There are 2 protein chains.
Amino acid sequence: MDKLCEFLREKGVSPSIQRLKILRYLKDSENHPTALMIHHEISRDIPTLSKTTIYNTMNLFSEKGIVSELCVGEGEVRYDLNLYPHAHFRCAECGKIYDVKIDPELFKIKKINGNQVVHTAVYFTGKCRECFGKDKENL
Amino acid sequence: MDKLCEFLREKGVSPSIQRLKILRYLKDSENHPTALMIHHEISRDIPTLSKTTIYNTMNLFSEKGIVSELCVGEGEVRYDLNLYPHAHFRCAECGKIYDVKIDPELFKIKKINGNQVVHTAVYFTGKCRECFGKDKENL
DNA sequence: TGACAAGTTTAGAATTATTATTATATTAAA
DNA sequence: TTTAATATAATAATAATTCTAAACTTGTCA
Ligand SMILES: [Mn+2]
Ligand SMILES: [Mn+2]
Ligand SMILES: [Zn+2]
Ligand SMILES: [Zn+2]
């Protein structure tokens, strides 16, 4: 927990109990959670936790480069602690979001059609391996 | 206009005046418009046009494979008549969305990490060439 | 120690895109 | 024309997120 504290300070964020628990949740669960998923989980620990705090904190983390915001269709933002360039796969059936690796060249593009690229997002949608597995069971 | 009529029929959509105007707007403007942009434009022609009709129509067009839905960050869906696989660039400054071409191999991926891919989306964000131009003018 | 200022959290209201509901209008079939 | 099926419109409902203002914490210094 002290490590997380230190980590936040380095990023210019003063640590509070809420911020630390949010950060730890992001580290533990490799989920790409929504703000509401985070709230749901941590409010079991801190019953007074407000949604506003989650939104504020996630916006702060975003600004400070601690997390990146993911937009994978469906009208909700998801957060990712993994800042290493990678792509995502969303299962249309179960909604789960997976990290996937693609040719890293794509993330190196800095200019395209004369436009200056700051950020690159790649996501796939379809049916995940787990959902395929379930289908077989039900035969 | 008769061509558009025919086109809709082929896709299994019975043509109405609203649907035809929406389709024509999509064809003419190479915009990637939001539902509200479409409504704003066409309600000048049909003042009674309701937003619900736009949302219904766009969902219908989506189901019938006439348009694809784009999620380029920012909490609104954008629609694209161009079904040919291509990527997008969104300017963080002016909000404009450009079609861009990338290595088509990426769109051929049908399986990744054991997951079955149905759809692939790629989008870049940054500052567009026009916004760069404006900066120079203001020197 | 204790008062203060700055920063943080909270609850609830406000906003915005979208969907649901339902009545009305239009079209197509019999 | 009568009738049934579809499409449109107005409005209410939802849901994610932001705004606002009050209450709470924390660190600083008299
Ligand atoms: Mn990820
Ligand atoms: Mn396009
Ligand atoms: Zn799945
Ligand atoms: Zn621009």
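In the text below, chain A, chain B and the rest are named by the order of the sequence lines, each starting its count at 1. Treat the numbers as computed from the prediction; the structure is a model and nothing was measured. As a basis for the values below, the full set of heavy atoms in this structure was taken, side chains included, without hydrogen atoms, waters or symmetry mates.
At whole-Å resolution of the value, CZ in A:Arg78 and C1' in D:dT17 are 16 Å apart. A straight line from CZ of A:Arg9 to C1' of D:dG27 spans 12 Å, rounded to a whole angstrom. Between B:Leu8 atom CG and C:dT27 atom P the separation is 15 Å, expressed in whole Å. Distance, B:Met58 CE to C:dT19 C1': 16 Å, rounded to whole Å. The CD1 atom of B:Ile38 sits 14 Å away from the P atom of C:dA17 (whole-angstrom rounding). Distance CD (A:Glu74) to C1' (C:dA17): 14 Å, rounded to an integer number of Å. Distance B:Lys51 NZ to D:dT11 P: 12 Å, rounded to the nearest Å. Rounded to whole Å, the distance from NE2 on B:His39 to P on C:dA17 is 13 Å.
Cation-pi geometry between A:Lys27 and A:Phe7 is met: the NZ or CZ atom falls under 6.0 Å from the ring centre, inside 45° of the normal.
Rounded to the nearest 0.5 angstrom, B:His39 NE2 and B:Met37 CE are separated by 14.0 Å.
Nearest to the side-chain atoms of B:Ile46 among the listed nucleotides C:dT9, D:dA9, D:dA7 stands D:dA9. Candidate nucleotides D:dA16, D:dT8, D:dT6 were compared by shortest atom distance to the side chain of A:Tyr55, and D:dA16 ranks first. The side chain of B:Ser14 has D:dT6 as its nearest neighbour among C:dA11, D:dT6, D:dT8. Here the nucleotide nearest the side chain of A:Thr48, chosen from D:dA7, C:dT10, C:dT9, is C:dT10. Among the nucleotides C:dA20, D:dT17, C:dT10, the one closest to any side-chain atom of A:Val77 is D:dT17.
For the residue pair B:Glu69 and B:Ser62, a side-chain donor N or O sits within less than 3.5 Å of a side-chain acceptor on the partner.
In terms of phosphate contacts, B:Gln18 brings no side-chain nitrogen or oxygen within less than 4.0 Å of OP1 or OP2 of C:dT26. Side-chain nitrogen and oxygen atoms of B:Thr53 include at least one within less than 4.0 Å of the OP1 or OP2 phosphate oxygen of D:dA9. In this structure, A:Asn56 does not reach the C:dT9 phosphate: none of its side-chain N or O atoms is under 4.0 Å from OP1 or OP2. OP1 and OP2 of D:dA7 both lie 4.0 Å or more from every side-chain N or O belonging to B:Thr57.
Within the 4.0 angstrom heavy-atom criterion, no nucleotide atom of any strand lies near A:Thr34. Among the protein residues, A:Ser16 comes within range of the sugar-phosphate backbone only, with heavy atoms under 4.0 Å from sugar or phosphate atoms but none that close to a base.
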| message | Is there a side-chain contact (heavy atoms from CB on, under 4.5 Å) between A:Ile112 and B:Phe89? Walk through the geometry before answering. | response | CA-CA 8 Å; A:Ile112 195 158; B:Phe89 177 92; 4.1 Å; yes
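Side-chain N/O atoms of A:Thr52 and base N/O atoms of C:dG12 include a donor-acceptor pair closer than 3.5 Å.
In this structure, A:His86 and A:His32 have tilted ring planes: the angle between them lies in the 30° to 60° band.
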